[in-house]
There are 2 protein chains.
Amino acid sequence: MSDLINVAKLAGVSRATAARAFSDPHLLRTDTLQKVLMASEQLGFRPNHIARQLRTQNSTTLGVLLPSLLNPIFARQLQAMERQARVAGYGLLVATSDYQPEREAAIVEHMLRQRVAGLVLTVADADHSAVLQTLQQAEMPFVLTHNVPQESHWPAICVDNRQAMQEATDHLLALGHRHIGMVAGPMLQSDRARLRYQGYGDAMQRAGLLSLPVIEMASHTQSDFARLQPQLQGDTPLSAVICTNDLLAISLIGAAARAGVRIPKQLSVMGFDGIDIGEHMAPSLASVTQPVDLLGAGAIDMLLQQASRGTRVLPHQIRLGASIAAPALSLIANSREPS
Amino acid sequence: MSDLINVAKLAGVSRATAARAFSDPHLLRTDTLQKVLMASEQLGFRPNHIARQLRTQNSTTLGVLLPSLLNPIFARQLQAMERQARVAGYGLLVATSDYQPEREAAIVEHMLRQRVAGLVLTVADADHSAVLQTLQQAEMPFVLTHNVPQESHWPAICVDNRQAMQEATDHLLALGHRHIGMVAGPMLQSDRARLRYQGYGDAMQRAGLLSLPVIEMASHTQSDFARLQPQLQGDTPLSAVICTNDLLAISLIGAAARAGVRIPKQLSVMGFDGIDIGEHMAPSLASVTQPVDLLGAGAIDMLLQQASRGTRVLPHQIRLGASIAAPALSLIANSREPS
DNA sequence: TTGTAGGCGTTATCAG
DNA sequence: CTGATAACGCCTACAA
């Protein structure tokens, strides 16, 4: 690929003039601009962003670090971020960590060496993350998504996980449920897992009910029905569960159906995230909807404006669906007995 | 961020020596290496990949251009590619085009200016794609995924779409179906849409049946049941449909259920891609499984080895599921009458 | 409006 | 084994 010197020669101008045709076209006389452009076209010249970046010390690439792309919420967020970044002239360097600290560290190191202009990332626990310290020390701008720093005050964008989960639980309570469980993937120690559990606890407590321990699955994307089954039997069986993401909820519904458990008659199931596909299944999935496109675009905006320093909270919505209903009468009756 | 000169000064060595501590550590005496490393640590030095890339003329970034991340098959492929690239020391610059030629062009132009080491991409029709011409002219290495160039012989990796669709159709035929439809998203003119329709046609023809026109949906991710419904009534109603991707199939199953159509009793539905979630639903989704992790890793390998020039064909699998079954007797009887 | 020249941070080529 | 020096391709004062 040819460089500016060749273009300048062919156009009969100096390097500087040829360069200006691309960086400051309005500085040139129309005919010289034309000469340069024709020459560059003829040579198949393309400005070298790497050289420009070295010279100007500012990059046109943003780094993105997400836990996974297997959850459609992250994939869609990435797509929204990419679009928003591109309209501002930026490209996205993308990596996934699976929440593994070593991978996070390697990726962040790579991006720092690459001198990205900034980073959007989601970590397990924003208040205890090594990579965020690294970024701060390197004076690299970043914005957290989904994370909710409590002690620190990193820039972040997310929904109010605690409030959202409380509302979801409230909805199930209003339907008449009393024995409500919470199903989660691994990483219970993540900041939002904690907040969601608190939201669940808030609602249960206000209803004068006991919150149950989290039912923890081995995977973020697939529920193991066997872990839930014991709690569906006995004196005080669960009549409803809320999952911390929609994939867990969807696979739970499938597994329940195969096990002969009727949804929602015998068990109400609610998800979290509000991914599209949940709406189109049968039964449709009730969920807490996150404005994921807004979240993606907003993260890029925050990063590029580098204005705000605190947490930007986005509105969530409770999405109703056929996966939840009032509990069977027998279960209600049962629940009236003190345990 | 500090540079090699500062490190060299602090370590009491020359720039060159300091540089070698990172590029060729084994060339240095152990104690000088230590001196340099201590100094660089103290200064928070990080090698500047941009400068290195300008100097060495080889990039450590690969470009990825996919149609969308809303289909989990692409999201998962991207994740597989990212992992494979990273073990080879590469990062991924990612963009989505939604098959729009203008976006494809803008993205490719951006990546060329960024001087990526190569590109993995999926376009609508490999034999009539402007960006591939551009890439060839720029002498930029690339590998196609999912695309199946017929006339041209670009490097590509994919499953045998025609054969796969034929086998899927064969399976439905073996179950006793005679009136089988094919449901697709937009972009019927894409190379693999054509091949899949041909595969469907091959199977139907060999069975002495007429292949029906494609039932085209407005979206790649959501089926509109109203477009299918007419074909479920009348003299020769469809007893089975194959969708060109799993999201169409899943949403079709949901819509059918809501419309009171029993799956698979009244209608068998088969998907394509074999995304995980299809397995965990109820009914579980029968589908054509693509080895997507292999495909992603393979694409990166082909690009980095820059060895092969033709198409690498990966094995597919027919995944059975509860979304298909033998047709209702009434439908079989009906089909025995010549139309 | 255009040209000249120096440097962004590295690596590679020579010497020493 | 280490040091000096010249590129890599571009931008940008400053001068003309």
Side-chain angles (χ1 to χ4, degrees), chain A residues 1-37 39-40 43-61 89 110-117 138-140, chain B residues 1-37 39-40 43-61 89 110-117 138-140:
Chain A
M1 217 167 290
S2 167
D3 69 0
L4 272 177
I5 296 190
N6 290 315
V7 174
K9 267 187 206 146
L10 183 59
V13 296
S14 70
R15 283 190 311 254
T17 303
R20 282 191 266 261
F22 296 95
S23 52
D24 279 316
H26 59 278
L27 286 185
L28 298 188
R29 266 178 27 209
T30 320
D31 57 331
T32 45
L33 177 59
Q34 284 309 317
K35 274 195 301 187
V36 176
L37 292 183
S40 81
L43 294 172
F45 168 77
R46 246 174 273 268
N48 185 328
H49 275 194
I50 295 304
R52 174 195 306 233
Q53 177 174 344
L54 180 59
R55 173 61 228 245
T56 64
Q57 303 286 57
N58 54 41
S59 163
T60 171
T61 299
H110 181 91
M111 288 175 174
L112 284 172
R113 291 176 177 206
Q114 208 66 37
R115 299 297 193 270
V116 295
E139 296 177 83
M140 175 62 71
Chain B
M1 217 167 291
S2 177
D3 67 1
L4 271 179
I5 297 192
N6 290 314
V7 175
K9 268 189 204 144
L10 183 59
V13 297
S14 71
R15 272 192 322 240
T17 304
R20 283 190 266 260
F22 296 95
S23 51
D24 280 314
H26 59 278
L27 286 185
L28 299 188
R29 265 175 30 207
T30 319
D31 56 332
T32 43
L33 177 59
Q34 285 308 318
K35 275 195 301 186
V36 176
L37 291 182
S40 80
L43 293 172
F45 168 77
R46 245 173 275 267
N48 185 330
H49 273 38
I50 295 303
R52 175 199 306 242
Q53 177 174 346
L54 179 61
R55 177 60 231 244
T56 63
Q57 303 287 57
N58 54 40
S59 164
T60 171
T61 299
H110 181 91
M111 288 175 173
L112 283 172
R113 283 152 128 100
Q114 207 67 36
R115 300 295 193 270
V116 295
E139 296 176 82
M140 174 64 70

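Lettering of chains follows the sequences in order, A, B, ..., and the numbering in each one begins at 1. Quick note: numbers below take in every heavy atom, side chains included, and nothing from hydrogens, waters or symmetry partners.
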Open item on the list: dG9(D), OP1 or OP2 - any side-chain N/O from Q57(B) closer than 4.0 Å?
Closed with: yes
- [ ] Consider only side-chain N and O atoms of H49(B) and Q114(A), and report whether a donor and an acceptor are under 3.5 Å apart.
- [x] no
Open item on the list: Can a donor-acceptor pair be found, under 3.5 Å and without considering hydrogens, that links the side chain of D24(B) to the backbone of L27(B)?
Closed with: no
- [ ] Would you give a per-nucleotide map of nucleotides 10-16 of chain C, 5' to 3', where B means the base has a protein non-hydrogen atom under 4.0 Å away, S means only the sugar-phosphate does, and - means neither?
- [x] BBBB---
Open item on the list: Using the rule given for side-chain contact (heavy atoms from CB on, under 4.5 Å), can you reason through K35(A) versus D31(A), listing the C-alpha separation, both sets of side-chain angles and the distance that settles it, and then say yes or no?
Closed with: CA-CA 6 Å; K35(A) 274 195 301 187; D31(A) 57 331; 5.7 Å; no
Task: Euclidean distance, atom CG of residue L54(B) to atom C1' of dA6(D) [Å, nearest integer] - done: 13 Å
Open item on the list: I want to check one thing: is the phosphate of dT2(C), taken as OP1 and OP2, less than 4.0 Å away from some side-chain N or O of T17(A)?
Closed with: no
- [ ] Give a yes or no answer on whether the side chain of D3(A) reaches the backbone of N6(A) with a donor-acceptor pair at less than 3.5 Å.
- [x] yes
- [ ] Return the value, rounded to whole Å, for the distance between atom NZ of K9(A) and atom P of dG9(D).
- [x] 12 Å
TODO: Rounded to the nearest 0.5 Å, what's the gap from CE on M111(B) to CZ on R46(A)? Could you check?
DONE: 13.5 Å
Task: Nearest-0.5 Å distance, CZ of residue R55(B) to CD1 of residue I50(A) - done: 15.5 Å
TODO: In whole angstrom, give the distance that lies between atom CG of N58(A) and atom P of dC10(D).
DONE: 16 Å
Task: Atom pair distance, as rounded to whole Å: CD in Q53(B) and C1' in dC8(C) - done: 15 Å
TODO: Give one of base, sugar-phosphate or nothing for L28(A), where a contact means two heavy atoms less than 4.0 Å apart.
DONE: sugar-phosphate
